[in-house]
Amino acid sequence: MKKSDLSINPSFYDTYLQKVADTDLFQALQESLDQLRALDLAKLDALGDRVYASGKWTVRDVIQHLTDSERVFAYRALRFARHDQTALPGFDQDVFAEFSGANTRPLEQVLREARLVRESSIELFKSFDRTALTRSGVMSGTALPVAAIGFIIVGHQLHHFDIFEKRYYPLLAGQ
């Protein structure tokens with residue numbers, strides 16, 4: 001199923017959906033896993049606990065945020081794919097980040113967890129037939145089909161990787 005096969009216009013998640021090419025969901029998920037695997041560990045590790053502005057997350061915080069968010073999104077996708085029509089609330093990403101413990105763990109371990117969660121999400125979405133992928137549910141006040149949640153996972157990662165490029169990696173200049 002391609003992104004253009006979905007009839008959605010969720011303004012709340014548009015930032016993420018717009019970042020994903022109109023490609024097959026499973027191809028998008030696999031490419032996002034490949035991007036996770038291709039991250040330059042030495043470059044990210046060199047950033048350490050530096051942030052580009054006061055109150056922003058470290059690289060480890062961001063990667064853990066991606067992992068935590070993906071787990072929440074995958075849970076929502078599973079519920080909707082199984083035809084659970086219970087509207088699911090949002091979650092407070094800042095509270096999750098505050099209590100994640102990401103900065104007490106080695107970056108390599110945080111990245112390994114992110115890759116494993118993505119592999120698990122790929123298998124979860126592969127387990128859904130076309131009917132399940134088109135079932136909808138309400139999350140954070142927005143009605144979305146299951147497949148859209150998969151594209152949101154991909155776009156969310158792309159969003160944060162763009163921030164790495166634009167805001168974090170420049171912190172390494174002049175080192």
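None of these values were measured; they are calculated from a predicted model.
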Between [X] and [Y], is there a shared hydrophobic cluster once you connect ILVMFWY residues whose side-chain heavy atoms come closer than 4.5 Å?
X	Y	answer
Val72	Ile149	no
Leu39	Leu171	yes
Val117	Val146	no
Tyr13	Ile153	yes
Leu133	Met139	yes

_Check this for me, if you would: do Glu123 and Arg118 make a salt bridge, where the nitrogen-to-carboxylate-oxygen distance has to be below 4.0 angstrom?_
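Arg118 and Glu123: not salt-bridged.
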So, does [X] use its side chain to make a donor-acceptor pair with the main chain of [Y] at under 3.5 Å?
X	Y	value
Ser69	Leu66	no
Arg135	Ala81	yes
Asp5	Lys2	yes
Arg76	Pro89	yes
Lys3	Leu17	yes
Ser120	Leu116	no
Ser140	Thr142	no

*When you look at CZ of Arg167, are more than 12 heavy atoms from neighbouring residues, nucleotides or ligands closer to it than 6.0 Å?*
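No, because the 6.0 Å sphere around CZ of Arg167 holds 12 heavy atoms or fewer from other groups.
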*CD (Glu119) with more than 12 external heavy atoms under 6.0 Å*: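 Yes.
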From [X] [atom1] over to [Y] [atom2], what is the distance, rounded to the nearest 0.5 angstrom?
X	Y	atom1	atom2	result
Arg112	Leu107	CZ	CG	10.5 Å
Leu44	Leu172	CG	CG	8.5 Å
Met1	Arg130	CE	CZ	3.5 Å
Trp57	His65	CH2	NE2	4.5 Å
Ile63	Arg105	CD1	CZ	10.5 Å
Gln64	Gln109	CD	CD	9.0 Å

*Going by the ring pair (Phe, Tyr, Trp, His ring centres under 6.0 Å) test, which pairs reach into residues 104-150, not counting sequence neighbours?*
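Qualifying pairs, neighbours excluded: Phe125-Phe128.
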*Under the ring pair (Phe, Tyr, Trp, His ring centres under 6.0 Å) rule, what pairs show up with a residue in residues 35-56, not counting sequence neighbours?*
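Pairs touching residues 35-56 that pass the test: Tyr52-Tyr168.
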*asked:* Can you tell me how the ring of Phe73 sits relative to the ring of His156, calling it parallel under 30°, perpendicular over 60° and tilted otherwise?
replied: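 Geometry flag for His156 against Phe73: perpendicular rings.
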*Taking the six-membered ring for Trp, are Phe91 and Phe96 parallel (under 30°), tilted (30 to 60°) or perpendicular (over 60°)?*
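Phe91 vs Phe96 ring planes: tilted.
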For [X] and [Y], test the side chains for any donor-to-acceptor distance below 3.5 angstrom and give the result as yes or no.
X	Y	result
Thr58	Asp49	no
Arg79	Gln85	no
Gln157	Ser32	no

Considering all heavy atoms, the nearest [X]-[Y] contact:
X	Y	result
Val110	Arg60	CG1-O, 3.8 Å
Ser100	Asp61	OG-OD1, 4.3 Å
Ser121	Ala74	OG-CB, 4.1 Å
Ala28	Val20	CB-CG1, 4.2 Å
Pro170	Glu165	CD-O, 3.4 Å
Leu144	Phe80	O-CD1, 4.3 Å

*Could you give me the CA-CA distance, side-chain angles and deciding distance for Asp162 and Lys19, then say whether side-chain contact (heavy atoms from CB on, under 4.5 Å) is met?*
CA-CA 10 Å; Asp162 283 349; Lys19 293 197 171 289; 2.8 Å; yes
_Taking the cut-offs as 6.0 angstrom to the six-membered ring centre and 45 degrees off its axis, would you call Lys43 and Tyr169 a cation-pi pair?_
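That pair qualifies as a cation-pi contact.
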*Of all residues at least two apart in sequence or in a different chain, which pass the side chain to side chain donor-acceptor pair (under 3.5 Å) check with Gln27?*
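Side chain to side chain donor-acceptor pair (under 3.5 Å) check on Gln27 returns Thr23, Glu31.
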*asked:* Within the structure provided, determine whether Gln35 and Leu158 are in side-chain contact (heavy-atom separation under 4.5 Å).
replied: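 They are in contact (side-chain heavy atoms under 4.5 Å apart), so the answer is yes.
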*Can you find a heavy atom in the side chain of Gln30 that is under 4.5 Å from one in the side chain of Leu33?*
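The answer is yes, as the side chains (C-beta and beyond) meet within the 4.5 Å cut-off.
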